[in-house]
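Take a look at the structure set out below.
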Amino acid sequence: MTDQAYNFAYLDEQTKRMIRRAILKGLAIPGYQVPFASREMPMPYGWGTGGVQVSAAVLTPEDTLKVIDQGADDTTNAVSIRSFFERTAGVATTTATDEATVIQTRHRIPEVPLREGQILVYQVPIPEPLRFLEPRESETRKMHSLEEYGLMHVKLYEDISRHGHIATSYAYPVRVEGRYVMDPSPIPKFDNPKLGEMAAIQLFGAGREQRIYALPPYTQVVSLDFEDHPFEASKADQCCGLCGATDSYLDEVIVDDAGGRMFVCSDTDFCTARQAAGHRGQDAA
Amino acid sequence: MTAMDQITSTATNPAQATPLLSVRELSKRYGSHIGCTDISFDLYPGEVMGIVGESGSGKSTLLNCMAGHIAPDTGQVIFETRADGPRDTVTMSEPERRMLGRTDWAFVHQHARDGLRMGVSAGGNVGERLMAVGARHYGDIRAQATDWLDRVEIDPARIDDRPTTFSGGMQQRLQIARNLVTGPRLVFMDEPTGGLDVSVQARLLDLVRGLVRDMGLSAIIVTHDLAVVRLLADRLMVMKSGRVVEAGLTDQVLDDPQHAYSQLLVSSVLQV
Ligand SMILES: Nc1ncnc2c1ncn2[C@@H]1O[C@H](COP(=O)(O)OP(=O)(O)OP(=O)(O)O)[C@@H](O)[C@H]1O
Ligand SMILES: [Mg+2]
């Protein structure tokens with residue numbers, strides 16, 4: 001039941017129009033960070049206010065929403081955002097990736113390939129990939145406009161010199177259509193290959209930083225690297241203890257007071273569906 | 001032909017040589033205040049030009065106008081580009097000018113921290129310009145960084161240390177390595193030895209002199225220190241109140257200054 005005190009999806013129509021304009025601009029210039037006037041949301045920054053505003057602007061009453069946090073539908077953050085939209089938009093919600101039309105995510109891309117007609121909305125804490133080495137906003141903006149991206153490789157160089165390999169494992173920078181360098185939000189680099197040529201629309205919202213960027217369907221996305229240190233989409237060299245999957249991104253979880261550990265799929269929907277289909281891992285009850 | 005042009009073309013250079021840099025009637029005001037005004041001179045390949053003058057005389061303003069860091073109000077800065085011959089860098093597009101700034105031009109700041117990335121290792125600092133022009137082989141970048149640390153007398157074992165752990169002299173040498181790694185043709189230096197101990201200054205000057213000679217660099221060096229120009233500069237411009245009051249071969253100007261202000265300067269009354 002929609003709470004009548006709110007406009008559909010909480011934001012007023014004018015604000016949603018403003019956000020949609022930013023989204024359209026972002027889709028027209030893949031990887032470019034579009035400034036937008038971020039609104040106060042009834043949740044603190046760091047809880048995905050950028051993603052929530054983007055979701056609010058794209059949701060229609062017919063949509064089915066899925067919200068994940070680090071791959072899981074049942075964490076506090078995911079649950080509270082899902083119930084926020086149940087309350088303010090009255091939309092149907094689901095945990096099944098293939099049933100959802102809009103998926104808001106923090107830190108993961110679902111394992112099941114997304115399809116045309118779906119929208120993946122990322123919560124982004126720091127949209128500027130150059131920020132790490134160049135704190136001046138005026139300068140990073142110029143670097144983007146002039147395609148001066150040598151600094152991104154300085155960051156990777158520093159990684160290799162310190163660790164012997166590119167140790168960046170989250171928020172791994174990418175180049176979009178040979179033009180803009182983009183921060184894919186703190187997804188594991190395991191997910192980077194899924195960014196490119198994806199059938200679904202990908203939208204990125206940064207609330208505190210007031211930026212929206214986007215990847216339209218079937219966009220070329222390349223992870224930065226060196227010739228002699230090529231990009232690798234790594235994951236733990238294990239299989240899921242519950243469903244036995246060998247090709248999904250795994251979280252290491254502590255299972256008892258004695259420090260016992262197991263690896264499980266971070267994508268809970270993927271894992272549940274596999275178990276329902278009869279797959280079993282070595283730690284399954 | 002002005003007196004200065006005459007000095008230029010009859011000094012160290014054959015008449016037929018093309019200047020690497022031609023500055024024409026360059027002026028920059030800050031509001032109603034003069035930064036520098038009506039500056040014209042030619043710099044030939046392999047030449048080192050010194051700019052001296054008291055504090056506030058407009059040396060840094062002139063240098064920054066030439067290097068494209070600040071936009072002059074009027075005038076031209078014509079650089080002999082590799083691809084297209086002489087181009088006015090004041091009116092060229094910003095991307096072109098910035099490209100020059102990380103390829104054929106180098107800028108050495110007085111304070112190393114203005115010219116270095118203090119949060120990045122020495123190797124990363126030297127490698128940045130290589131990566132900026134497209135180097136994508138880690139091993140090659142590292143090899144060149146190692147080589148350059150060695151050339152500026154920094155122990156290559158320090159390659160992964162941050163410049164914050166370096167002495168002032170080492171930081172300045174690292175800044176030089178970082179600038180020269182892409183083989184620029186023209187180096188702008190603003191008081192490169194300022195703020196360093198005298199013994200450290202001497203070593204740095206020796207190093208710069210060797211690099212200028214070995215690489216056939218052209219350079220424009222701003223300094224308070226007449227010893228610096230005596231050692232490094234082929235020619236000299238003396239500035240006062242935003243204007244060049246005297247210009248000529250270094251030895252001539254220092255040994256036989258014509259302008260009253262140059263005489264004062266040389267008699268060391270004004271040496272800082
Ligand atoms: N950003 C600025 N705004 C206003 N005035 C400025 C600015 N920068 C320099 N000036 C003025 O322009 C004049 C020339 O300054 P400039 O810094 O070029 O001198 P300088 O010869 O490099 O001096 P120093 O030896 O102290 O470095 C001075 O009078 C200075 O006060
Ligand atoms: Mg100065």
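The basis for the numbers below is simple: all heavy atoms, side chains too, and nothing from hydrogens, waters or symmetry mates. Convention: sequence-line order gives letters A, B, ...; per-chain numbering from 1.
For A:Arg162, the CZ atom sits in a packed shell: over 12 heavy atoms of surrounding residues, nucleotides or ligands are nearer than 6.0 Å. Heavy atoms from other residues, nucleotides or ligands lying under 6.0 Å from CG of A:Asp237 number 12 at most. For A:Arg115, the CZ atom counts as densely surrounded, since its 6.0 Å shell holds more than 12 non-hydrogen atoms of other residues, nucleotides or ligands. Within a 6.0 Å sphere centred on CD of B:Glu25, other residues, nucleotides and ligands contribute 12 heavy atoms or fewer. By the neighbour-count criterion of 12 heavy atoms within 6.0 Å, atom CD1 of B:Ile70 is densely surrounded, having more than that number from other residues, nucleotides or ligands. Enclosure of atom CD in A:Glu147 by more than 12 non-hydrogen atoms of other residues, nucleotides or ligands within 6.0 angstrom is indicated.
Chain A forms more heavy-atom pairs under 4.5 Å with one residue of B:Arg102, B:Arg129, B:Met99 than with any other, namely B:Arg102. When each of B:Pro95, B:Gly134, B:Gly119, B:Ala135 is scored by its heavy-atom pairs under 4.5 Å with chain A, the top score falls to B:Pro95.
Heavy-atom distances place both the backbone and the side chain of B:Arg136 under 4.5 Å from chain A. Within the 4.5 angstrom heavy-atom criterion, atoms from both the backbone and the side chain of A:Leu133 approach chain B. Using a 4.5 Å cut-off between heavy atoms, A:Ile160 touches chain B through backbone and side chain atoms alike. With a 4.5 angstrom heavy-atom cutoff, A:His229 touches chain B only via side-chain atoms.
The two atoms that bring A:Glu158 and B:Ser121 nearest to each other are OE2-OG, 2.5 Å, heavy atoms only. Residues B:Ile141 and A:Phe226 share a closest heavy-atom pair of CD1-CE2, 3.7 Å. What you find for B:Arg142 and A:Ser161 is that their closest heavy atoms are NH1-CB, 3.6 Å. For the pair B:Met131 and A:Val154, the tightest heavy-atom approach, listed with the atom from each and the gap, is SD-N, 3.6 Å.
In terms of the ring-ring contact (aromatic ring centres under 6.0 Å, His included) criterion, B:His137 has no residue partners (sequence neighbours excluded). In this structure A:Phe263 satisfies the ring-ring contact (aromatic ring centres under 6.0 Å, His included) test with no other residue, sequence neighbours excluded.
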- Item | Stepwise side chain to side chain contact (heavy atoms under 4.5 Å, CB included) check, A:Glu134 with B:Arg117 | CA-CA 9 Å; A:Glu134 180 52 76; B:Arg117 293 194 188 276; 3.5 Å; yes

- Worked verdict on B:Glu128 versus A:Tyr157 for side chain to side chain contact (heavy atoms under 4.5 Å, CB included): CA-CA 9 Å; B:Glu128 180 176 347; A:Tyr157 169 95; over 6 Å; no

